[in-house]
Amino acid sequence: MGRHFTINDFDELKKAMLSGKISDTVDFELYWINAIDKSDVAISQTVKRHHHNFFEIHFVLEGKMVYGIEDRTVELERGDYLVFVPGQSHIINYYSNDLLKCSISFSLGADEAIYESLILKSGHTEHMEESVYESLRFVCDKQKNDTAYYDIVVKNRIFEIVHEIAGKNDIKKQKGIKNILPDGSDRRLFKAKQFISDNPHVFLGCEDLAVYCGLSSKQLNRIFVKHEGISLLGYIHKNKLEEAERLLVQEKYSLRDVSENLGFSSVYYFNRFFAKHKGVTPGEFRRTKSILSQ
């Protein structure tokens, strides 16, 4: 693992206690990400046998510890992690004086693709890939910076950590190709497109999205032009317009509803944006679609 973590790295996260769903399309709800060391009073609660009705992933960032899981013991050292599934009984049997442990707690729908993978990994010591470590560092640094949309960016990155651990984001390691997924697509492009798709309710900046993908905005823009034939900003606007059209054809939503759902500060700015790109106002688009459907 790279440079060390300290409990101070997690101070802002401990104050914010990030929680909530990452999107309406994914059955994943984050309860919290937190860190404790040997001096934290919260550790006294975990030296008694207990269980939860949600998933937990515990990362040992410094030091050593031993868990008792049902009728066996599991040792973890710096860089190791452990998945606990809902209802799994566990207890801390030992922790070193230099312990720093980070935990992610969340619920996950049984029909989500990663659910069974996490079940299979439960109770077994695993070692963090560098990408997981870097994502934890990103989460801490992003929270401290308090940049635009940090809450959404952080929650999505935590969801990505869970996916990485579940093994659904495995990438080809042969031939030094680190950013190519098994299907041949670019991992960074996939991350960016998924993030845009999951967050139609906010206006995403190219810089924020690039930071999320670990690139500069110029680098990410080149990837979009190469693979999608469109600029990064153009793709963001395209996704926004497609979501606008989807909502506009549903009469139950007023123009104000659609505007607010897409993150516009007013109907006026939504009208300007839509008309600029589509050549008609949202109201005209809705009326035309309504006539054609009759």
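Please read these numbers as outputs of a predicted model, since none were measured by experiment.
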CA sep, side-chain torsions, deciding dist, call: Thr288, Val280, side chain to side chain contact (heavy atoms under 4.5 Å, CB included)
CA-CA 10 Å; Thr288 300; Val280 294; over 6 Å; no
Show your working on side chain to side chain donor-acceptor pair (under 3.5 Å) between Glu164 and Ser131 and close with a plain yes or no.
CA-CA 8 Å; Glu164 190 95 11; Ser131 56; 2.7 Å; yes
Step by step, would you call Ile33 with Cys102 a side chain to side chain contact (heavy atoms under 4.5 Å, CB included)?
CA-CA 7 Å; Ile33 177 171; Cys102 170; 3.9 Å; yes
Show your working on side chain to side chain contact (heavy atoms under 4.5 Å, CB included) between Val26 and Phe159 and close with a plain yes or no.
CA-CA 10 Å; Val26 178; Phe159 184 53; 3.5 Å; yes
Test side chain to side chain contact (heavy atoms under 4.5 Å, CB included) on Ile158 and Ile104 and set out the steps.
CA-CA 8 Å; Ile158 292 171; Ile104 297 174; 3.8 Å; yes
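Grouping the Ile, Leu, Val, Met, Phe, Trp and Tyr side chains by contacts below 4.5 angstrom, directly or via other members, places Phe195 apart from Leu233.
Contact annotation: the side chain of Asn34 never approaches that of Phe10 to less than 4.5 Å [non-hydrogen atoms, C-beta and beyond]. By the 4.5 Å heavy-atom criterion applied to side chains, Val60 and His58 are not counted as neighbours. Using a 4.5 Å heavy-atom cutoff, the side chains of Asn271 and Pro282 are in contact. Using a 4.5 Å cut-off on side-chain heavy atoms (C-beta onward), Val85 and Phe55 make contact. Counting heavy atoms from C-beta outward, Leu209 and Leu232 have side chains that approach closer than 4.5 Å. The shortest distance between side-chain heavy atoms of Ile69 and Ile91 does not fall below 4.5 Å. Residues Asp9 and Thr6 meet the side-chain proximity criterion, which asks for heavy atoms closer than 4.5 Å. Put simply, the side chain of Leu118 reaches to within 4.5 Å of the side chain of Val162, judged on heavy atoms.
To the nearest 0.5 Å, the span separating CD on Glu62 from CE on Met65 amounts to 13.5 Å. Atoms CD and CD, on Gln250 and Glu245 in that order, are 12.5 Å from each other to the nearest 0.5 Å. Note that CG of Leu136 and CD1 of Ile161 are 4.0 Å apart. Values are rounded to the nearest 0.5 Å. Within the model, atoms CD of Glu130 and CZ of Arg137 stand 11.0 Å from one another, a figure rounded to the nearest 0.5 Å. Taken to the nearest 0.5 Å, the CG atom of Leu100 stands 5.0 Å off from the CG atom of Leu61. Separation of atoms CG (Leu248) and CZ (Phe285) is listed at 6.0 Å; rounding is to 0.5 Å.
A search for side chain to side chain donor-acceptor pair (under 3.5 Å) contacts involving Lys21 returns nothing, not counting sequence neighbours. In this structure His52 satisfies the side-chain contact (heavy atoms from CB on, under 4.5 Å) test together with His50, Phe54, Glu56, His90, sequence neighbours excluded. In this view, Glu243 and Arg246 satisfy the side chain to side chain donor-acceptor pair (under 3.5 Å) rule, not counting sequence neighbours. Listed by chain and number, the residues in a side chain to side chain donor-acceptor pair (under 3.5 Å) with Lys64 amount to none (sequence neighbours excluded). The side-chain contact (heavy atoms from CB on, under 4.5 Å) test applied to Asp80 returns Leu76, Glu77, Thr125, His127, not counting sequence neighbours. Leu241 pairs by the side-chain contact (heavy atoms from CB on, under 4.5 Å) definition with Phe273, Phe274, His277, Lys278, not counting sequence neighbours. With sequence neighbours excluded, the residues forming a side-chain contact (heavy atoms from CB on, under 4.5 Å) with Glu242 are Lys238, listed by chain and number. Judged as a side chain to side chain donor-acceptor pair (under 3.5 Å), and not counting sequence neighbours, the contacts of Asp98 are Ser96.
Taking Ile, Leu, Val, Met, Phe, Trp and Tyr as members and joining any whose side-chain heavy atoms lie under 4.5 Å apart, directly or through other members, the hydrophobic cluster of Val66 also contains Tyr94. Chaining together hydrophobic side chains whose heavy atoms lie under 4.5 Å apart leaves Val225 on its own.
Scanning both residues, Ser135 and Glu160, for their nearest heavy atoms gives OG-OE2, 4.4 Å. The heavy-atom pair separating Ser105 from Leu30 by the smallest distance is O-CD1, 3.6 Å. The minimum heavy-atom distance linking Glu207 with Ser217 is given by the pair OE1-OG, 3.4 Å. Taking both residues in full, the closest heavy atoms of Ala210 and Leu220 are given as CA-CD2, 3.8 Å, listed atom of the first, atom of the second, then distance. When all heavy atoms are compared, the tightest approach of Leu189 to His227 is CD2-CB, 3.5 Å.
Aromatic ring centres of Phe264 and Tyr269 lie farther apart than the 6.0 Å criterion allows.
Each of Tyr31, Phe28, Phe84, Tyr115 was checked for a ring-ring contact (aromatic ring centres under 6.0 Å, His included) with Phe106, and the lone residue meeting it is Phe28.
Counting non-hydrogen atoms of neighbouring residues, nucleotides and ligands closer than 6.0 angstrom, the CD atom of Glu75 reaches no more than 12 such neighbours.
Within the structure, salt bridge (charged side-chain N to carboxylate O under 4.0 Å, His left out) contacts touching residues 218-232 (residues at least two apart or in different chains) are Lys193-Glu228.
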Output a table of donor-acceptor pairs, distance under 3.5 Å, between side-chain atoms of residues 255-263 and any protein atom two or more places apart or on a different chain; print 'none' if there are none.
{"residue": "Asp257", "atom": "OD2", "partner": "Ser254", "partner atom": "N", "Å": "3.1"}
{"residue": "Asp257", "atom": "OD2", "partner": "Ser254", "partner atom": "OG", "Å": "3.2"}
{"residue": "Ser259", "atom": "OG", "partner": "Ser266", "partner atom": "O", "Å": "3.1"}
{"residue": "Asn261", "atom": "ND2", "partner": "Asp257", "partner atom": "O", "Å": "3.3"}

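Below 30°, between 30° and 60°, or above 60°: for Phe59 and Tyr81 the angle between ring planes is between 30° and 60°, a tilted geometry.
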